[in-house]
Amino acid sequence: MAIVKELKSGKIIMGKLSHNSDLLEEITEICRNSSISLGKVEALGAIKKARLGYYHQQVREYAFFTIDKPMEITCLIGNISLKENKPVVHAHITLSDEKGNAHGGHLAPGTIVFACEVLIQAFDGQEFKRDFDQETGLPLWNLK
Amino acid sequence: MAIVKELKSGKIIMGKLSHNSDLLEEITEICRNSSISLGKVEALGAIKKARLGYYHQQVREYAFFTIDKPMEITCLIGNISLKENKPVVHAHITLSDEKGNAHGGHLAPGTIVFACEVLIQAFDGQEFKRDFDQETGLPLWNLK
Amino acid sequence: MAIVKELKSGKIIMGKLSHNSDLLEEITEICRNSSISLGKVEALGAIKKARLGYYHQQVREYAFFTIDKPMEITCLIGNISLKENKPVVHAHITLSDEKGNAHGGHLAPGTIVFACEVLIQAFDGQEFKRDFDQETGLPLWNLK
């Protein structure tokens, strides 16, 4: 069974990231500066290069890789919750290259912003805390 | 001309799906359990294998196919409305493999969750009901 | 540093686009008809053919290209803001073909709707105006 919680709508923040910033770190910093520890994020724009993760489910380990070329961000979606009592952004990204081919993965530090427009919607409600999950090896929400 | 309706914001639900569940069925079940018959859904995570649809517009028929490998869900977006008086989830999904190549399609039953974080936002307003649409052969909203 | 503004939730509009319409123009028209000059948009569905842009960051120029085949819209996300005092929609799109391969880019006029379900959420707050940005050559938000 899925485990879900009902939340209330919180503040809405929209804006642009700075050129040459680290995409994941910049979104995380906005959340910290705006005291957002629960919410969702979405973004579009372009990056100079991407660093992405793919989770090897059998060996329970992330493989990280770089796509070292400018690409459009066709879609970034993610959420904000707590890990070790700090707000963390968990985001996945879809990218497209000059031929229109799409790429993607788990957004890792090292993805460099060319231009990016971001929307963050905060939620009010109980804390969502990430803990080690035995079944997957991932830091998932402990919602019992 | 587009046909659109104005809606009010309803409840917000966030949580995680269960390991090994059917992605589409699990989201549908949350909607039923939470009495949501109108809304939107988004999700990210990873799947063990995907079953996707592609609509052949000329012959007006879905072709369903399986991608039988673990992939990241880089983006799932969809909506909740009524079909034959039951809440149905219409969702499309974008996935990425270990090389970072992206795949996608219409989400069909048979897509198995490895881990998935889901956000559902309900809307209040008039009913959105799906009916057979002559022009496309699809079950589209009858909003006249 | 990112530059962000806090906004209030505005009206919510959901509906379907018309068969054979231009995807970008139709969404823009909904915004104009509903007096929305600030907001976000998301959509899923299918297109008959796509016209997409890729921004060449070095030469600071968009290259536009057509993918002339029916595809699923696995994800469209975008925002609405002002450019030369008119509401403009900036959207990126992810598509998938009959093999499940994903494509994408900056949504340009010339993308033709087969069927499309759209959700627009308006925001209330200060104006977001696009101006020429020296650093990137793009029409970005002037939020100083």
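Remember, it's a predicted structure, so these values are computed and weren't measured experimentally. Lettering follows sequence order; numbering is per chain, from 1. Any value given below was found using the heavy atoms of this structure, including those in side chains, with hydrogens, waters and symmetry copies removed.
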Neighbourhood of chain C inside [range], taking heavy atoms under 4.5 Å as contact:
{"range": "residues 4-15 of chain A", "answer": "A:Lys11, A:Ile12, A:Ile13, A:Met14, A:Gly15"}
{"range": "residues 90-104 of chain A", "answer": "A:Thr94, A:Ser96, A:Asp97, A:Glu98, A:Lys99, A:Gly100, A:Asn101, A:Ala102"}
{"range": "residues 26-38 of chain A", "answer": "A:Glu26, A:Glu29, A:Ile30, A:Asn33"}

Work out which heavy atom in [X] is nearest to a heavy atom in [Y]; give both atom names and the distance.
{"X": "C:Leu23", "Y": "C:Cys116", "result": "CD1-SG, 3.9 Å"}
{"X": "A:Pro139", "Y": "A:Arg130", "result": "O-NH1, 2.9 Å"}
{"X": "C:Ser21", "Y": "C:Leu17", "result": "OG-CB, 4.3 Å"}
{"X": "A:Pro87", "Y": "A:Ile80", "result": "CB-CG2, 4.2 Å"}
{"X": "C:Ile77", "Y": "A:Cys75", "result": "CD1-CA, 3.8 Å"}
{"X": "C:Gly53", "Y": "C:Phe65", "result": "C-CE2, 4.2 Å"}

Legend entry - Contact list for residues 52-65 of chain C, test side-chain hydrogen bond (donor to acceptor under 3.5 Å, both in side chains), sequence neighbours left out: C:Tyr62-C:His106
Legend entry - chain C interface, residue from A:Ile120, A:Val113, A:Leu119 that has the most non-hydrogen pairs under 4.5 Å: A:Leu119
Inset, instruction - Mark yes or no for whether C:Thr111, through its side chain, and C:Arg51, through its backbone, hold a donor-acceptor pair below 3.5 Å. - result: yes
Inset, instruction - Check for a donor-acceptor pair, side chain of A:Asp22 on one end and backbone N or O of A:Gly110 on the other, with a separation under 3.5 Å. - result: yes
Legend entry - C:Glu72 and C:Leu44: CA distance, side-chain angles, deciding distance, side-chain contact (heavy atoms from CB on, under 4.5 Å) verdict: CA-CA 8 Å; C:Glu72 304 289 317; C:Leu44 69 165; over 6 Å; no
Legend entry - Euclidean distance, C:Lys48 NZ relative to C:Asn20 CG, rounded to 0.5 Å: 3.5 Å
Legend entry - Enclosure of C:Lys69 NZ (heavy-atom neighbours >12, cutoff 6.0 Å): yes
Legend entry - Side chain proximity check, A:Ile47 to A:Ile112, heavy atoms < 4.5 angstrom: no
